Amino acid sequence: MMRDKTFKSTLFGKLSQLYSEMAEAYNQAAGKIGLSCRGCPDNCCTSYFQHHTYIEWAYLWTGIRSCAEEKQREFMNRAREYVRQSRDLLNQGLSPRIMCPLNDNGLCQLYEYRLMICRMHGVPNSLVRPDGKKMSFPGCIRCQELYSHLEEVSVLDRTRFYRNLASLEMAFVGPKIKVLPRVKLTLADMLIQEPPGT
Ligand code: SF4
Ligand code: SF4
């Protein structure tokens, strides 16, 4: 996956643009429901979820490398602890609820670099997978409480974002996409190992 530097930064530029489009669609959807994260007691950065693209993983690492070394060490220490604790809980059949290693005092420290799943979590959203299967996500608890009183809820269809991200991923990984292992990593997993070939 060693891609030429200029090619890689062009793809990162496209990913950043795609992230902005996601943010715009998210803000519109949240605005319609009246959802705001301000003062939320239920920080969703403790949710346990996995991410699936090499390009997002590599872009996240450009964010990590832009931080001061001491901060990077702090993230890595927390990530190792996160992985250790979450493995213990999973082995006991429990679902981990541990704060993401990138969150300080309730705020994401790499907000511009956060991944698609972090960006879409709050509002009800759906997508149609390439095999035609429709997946639906209800949004966060605070959001569900807000829209439980509404007669009609608009659901953000994120299929176009999903497809665009898949195209960027294919361009980023190149022909090796057929042989590389599928990415299925928590944010903490993504911190304790760098993406291959970067
Ligand atoms: S997305 Fe929902 S759960 Fe997460 S911080 Fe915002 S309001 Fe709270
Ligand atoms: S990357 Fe940022 S937004 Fe995503 S879970 Fe971690 S702290 Fe929260």
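It should be emphasised that the depicted structure is a prediction, and the values quoted were computed from it without experimental measurement. FYI, side chains are in, hydrogens and waters are out, and symmetry mates aren't considered; it's all heavy atoms of this structure. In each ligand, atom 1 is the first atom listed, and ligand 1 is the first ligand listed.
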Interfacing atoms of ligand 2 (cut-off 4.0 Å, heavy-atom, Cys100)
5 (S), 6 (Fe), 7 (S)
Just by modelled atom types, is the Arg114 backbone N or O under 3.5 Å from a matching donor or acceptor in the Arg119 side chain?
yes
Nearest 0.5 Å, please: how far is CD in Gln109 from NZ in Lys71?
5.0 Å
Mind checking whether Phe49 and His51 have ring centres under 6.0 Å apart?
yes
Between atom 6 (Fe) of ligand 2 and Cys118, is there an N, O or S atom separated by less than 2.8 Å?
no
Return yes when atom CD of Glu81 has more than 12 non-hydrogen atoms of other residues, nucleotides or ligands closer than 6.0 Å, and no otherwise.
yes
Side-chain ion pair, Asp131 and Arg129, N-O less than 4.0 Å
yes
Keeping waters out of it, list the protein N, O or S atoms under 2.8 Å from atom 4 (Fe) of ligand 1.
Cys44 SG
CZ-CG distance between Arg160 and Leu165, expressed to the nearest 0.5 angstrom
13.5 Å
Of all the non-hydrogen atoms in the protein, which one sits nearest to atom 2 (Fe) of ligand 2, and at what distance?
Cys108 SG, 2.4 Å
Between Tyr113 and Tyr59, what is the ring plane arrangement, given parallel below 30°, perpendicular above 60°, and tilted in between?
tilted
